[in-house]
> 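Once you've had a glance at the structure underneath, I'll fire off some questions.
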There are 2 protein chains.
Amino acid sequence: MGVPQLSRRVLQRLMRYYRFLVEVTAKRPVRTITSGEIAEALEIDATQVRKDLGAIGLIGLGRVGFDVCEICRAIRTTLGFDQRHEAVLIGAGHLGLALLNYPGFATFGLDIVAAFDVDRRKLGRTIGSCRIRSVDTLGSFIRQRRVPLAMITTPAEVAQQVTDLCVANGIKAIWNFSPTQLTVPKRVLVYHEHISLGLSVLAYHMNGRVSPA
Amino acid sequence: MGVPQLSRRVLQRLMRYYRFLVEVTAKRPVRTITSGEIAEALEIDATQVRKDLGAIGLIGLGRVGFDVCEICRAIRTTLGFDQRHEAVLIGAGHLGLALLNYPGFATFGLDIVAAFDVDRRKLGRTIGSCRIRSVDTLGSFIRQRRVPLAMITTPAEVAQQVTDLCVANGIKAIWNFSPTQLTVPKRVLVYHEHISLGLSVLAYHMNGRVSPA
DNA sequence: TAGATTGTTAATCGATTAACAATC
DNA sequence: TAGATTGTTAATCGATTAACAATC
């Protein structure tokens, strides 16, 4: 693998470039774009943009900039959006349903293939393209289908328990939407959507304090 | 205001300390805690913890550590959780409902006082403690009640339009859950919940690449 | 007291930004 | 060609970590 490992920060910037370019080209067809244009729109330094694009093998043209399609393709390949990734979702509450109904994931290769819940009344219902199953069958489902990702939208109290079950059955990564810290072996990646972190910044601001940067 | 301005990063760490301490004390009563204990649990350097706590005026005791109650109180005060902050929520889809039903916000002083939607069939329903109203009344509601925060859970296509309406009526801050960038005057703070950023890190990892840090 | 923990200063590290020759 | 934009190296900046005397 000639590609050097990319830090979270770089990955997230690449995602922002990608999202921006998709949005721009949706409005009007654009063949090329300069690092300066991306930088200005995203409030990032242009040098940073060139470095990031360089890091995934893109080469710009003097006086012209970068080919938009090439950038998009390179980002898709690097981040793996061109691969199909299966996921299960655990906890079919409102948040779970919101994620199940979100059509955008498909664009990124993410395919939620099943949802699980403990509530018997919910079992069998079909949301989006997947059926809600009993959490009793979660372990075997993950193991047999080798599902790499679990999205956890359960209450905080059961999140660790559910996580352990996923880990025991070979999950590779966990997308944690519950407001609690999870403990996992270090081969498993946990990405925690810290919804409360936003609140800290917002509350501070509403108190009349302005946070720099 | 003797308190220096705190960066986003510091604010977010304070939130993490707070959440951790609440969780710990819920399990068993703890009077004091050392920077090292917090650091270990949150995988942060202990010096960092001491600096952050020092920044909000806390003083530890040699050989003992910090008083847990004092830390919590100081964080609540600094971040403004002891103040009541009103918010409106715009877009009563699944995500909107999830947020309306989330009981945790009250702990942080956040009170969602109204929800708005364009769908006439949803109007009048009551979720949690607030009624779903027509988006036609959004502007006057914000203006008359001087609501400082808007949580946007609409589709991306209308997010900017809704934002403009909020801004025109004096909103102070926007919590953006829609997957689109918003433009606002700089007196208004936008906190963007970038759900897709997590996906970039997760997809990269599932592709077999391990992202450092 | 002895020893663990603090607050603070200094050193390190990494990320961001500036500068500029090379390029189209 | 002239001039805008690149890729890359060097400088800056800020955040993190290490070191250690002061403290309880």
Side-chain angles (χ1 to χ4, degrees), chain A residues 2-17 20-21 24 30-71 74-75 197 200-201 210-213, chain B residues 2-17 20-21 24 30-71 74-75 197 200-201 210-213:
Chain A
V3 186
Q5 295 188 341
L6 305 171
S7 71
R8 274 196 184 202
R9 211 165 277 220
V10 174
L11 294 173
Q12 298 189 341
R13 277 199 303 263
L14 290 172
M15 180 57 124
R16 294 188 65 202
Y17 304 156
F20 169 67
L21 293 174
V24 164
V30 181
R31 175 143 289 171
T32 62
I33 197 161
T34 67
S35 60
E37 289 170 306
I38 298 178
E40 196 190 350
L42 270 46
E43 297 182 320
I44 294 178
D45 189 89
T47 307
Q48 187 71 268
V49 175
R50 293 201 292 280
K51 276 202 172 150
D52 291 337
L53 297 182
I56 58 171
L58 289 162
I59 295 166
L61 286 186
R63 242 201 119 187
V64 176
F66 295 80
D67 184 284
V68 173
C69 291
E70 265 183 46
I71 300 181
I75 295 179
L197 295 186
S200 67
V201 176
V210 182
S211 166
Chain B
V3 186
Q5 295 188 343
L6 304 171
S7 70
R8 275 197 184 201
R9 212 165 276 217
V10 174
L11 294 173
Q12 298 190 342
R13 278 199 301 264
L14 289 173
M15 180 57 125
R16 295 188 65 203
Y17 303 157
F20 169 67
L21 292 174
V24 164
V30 181
R31 174 144 288 169
T32 62
I33 197 162
T34 67
S35 60
E37 288 171 306
I38 298 177
E40 196 189 350
L42 270 46
E43 296 181 324
I44 294 179
D45 189 87
T47 307
Q48 189 70 268
V49 175
R50 292 202 293 276
K51 275 202 171 145
D52 291 337
L53 297 182
I56 58 170
L58 289 163
I59 295 168
L61 285 188
R63 241 201 122 187
V64 175
F66 295 81
D67 184 285
V68 174
C69 291
E70 264 184 45
I71 301 181
I75 295 179
L197 295 186
S200 66
V201 176
V210 182
S211 167

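In what follows, chains carry the letters A, B, and so on, assigned in the order in which the sequence lines appear, proteins first and then strands, with residues in each chain numbered from 1. No experiment lies behind these values; they were computed from the predicted model shown.
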> With a 4.0 Å cut-off on heavy atoms, is A/G54 in touch with a base, just the backbone sugar-phosphate, or nothing at all?
nothing

> Side chains of B/I33 and B/I71: does their closest heavy-atom pair fall under 4.5 Å?
yes

> Got a donor-acceptor contact below 3.5 angstrom from the B/E37 side chain to the B/T34 backbone?
yes

> Counting side-chain heavy atoms from CB outward, which of C/dT17, C/dC24, D/dT16 is closest to B/R13?
D/dT16

> If each of A/G60 and B/T34 is mapped to the nucleotide of DNA chain C with the nearest heavy atom, which maps nearer the 5' terminus, i.e. the 5' end?
B/T34

> Are the side chains of B/I44 and B/I38 in contact, using a 4.5 Å heavy-atom criterion?
no

> Can you check the B/R50 CZ to D/dT17 P distance for me, whole Å?
13 Å

> Choose from D/dT16, C/dT16, C/dT6 the nucleotide whose nearest atom is closest to any side-chain atom of B/K51.
D/dT16

> Starting from P on D/dA15, measure out to CZ on B/R8 and report it in whole angstrom.
14 Å

> Suppose we define a pair by two distances each less than 3.5 Å, Watson-Crick or G-U wobble; what does D/dA18 pair with here?
C/dT9

> If I take atom CD1 in residue A/I59 and atom C1' in nucleotide D/dT8, what distance separates them, rounded to the nearest angstrom?
13 Å

> Quick one: A/I38 CD1 to D/dT6 C1', roughly how many Å, whole number?
13 Å

> With a 4.5 Å heavy-atom cut-off, do B/V10 and B/I56 have their side chains touching?
no

> Check whether any side-chain N or O of B/R9 sits under 4.0 Å from OP1 or OP2 of D/dT16, and answer yes or no.
yes

> Using whole Å, report how far CG of B/D45 lies from P of C/dG14.
14 Å

> Measure CD/B/Q48 against P/D/dG14 and give the value in whole Å, please.
15 Å

> Check every atom of D/dC24, D/dT6, C/dT6 against the side chain of B/L61 and return the nucleotide holding the closest atom.
D/dC24

> Could you state the CD1-C1' distance from B/I71 to C/dT6, rounded to the nearest angstrom?
13 Å

> Can you confirm whether A/V201 sits close enough to A/L197 that some side-chain heavy atom of one is under 4.5 Å from a side-chain heavy atom of the other?
no

> Between C/dG3, D/dG3, D/dA18, which one does the side chain of A/R63 approach most closely?
D/dG3

> If you look at every strand shown and take non-hydrogen atoms under 4.0 Å, does A/L53 touch a base, only sugar-phosphate, or nothing?
nothing

> Rounded to whole Å, please give me the gap between CD in A/E37 and P in D/dT5.
8 Å

> OP1 or OP2 of D/dT6 sitting under 4.0 Å from any side-chain N/O of A/S35?
yes

> Does the structure show a Watson-Crick or G-U wobble partner for C/dA4, both distances under 3.5 Å? Name it, or say none.
D/dT23

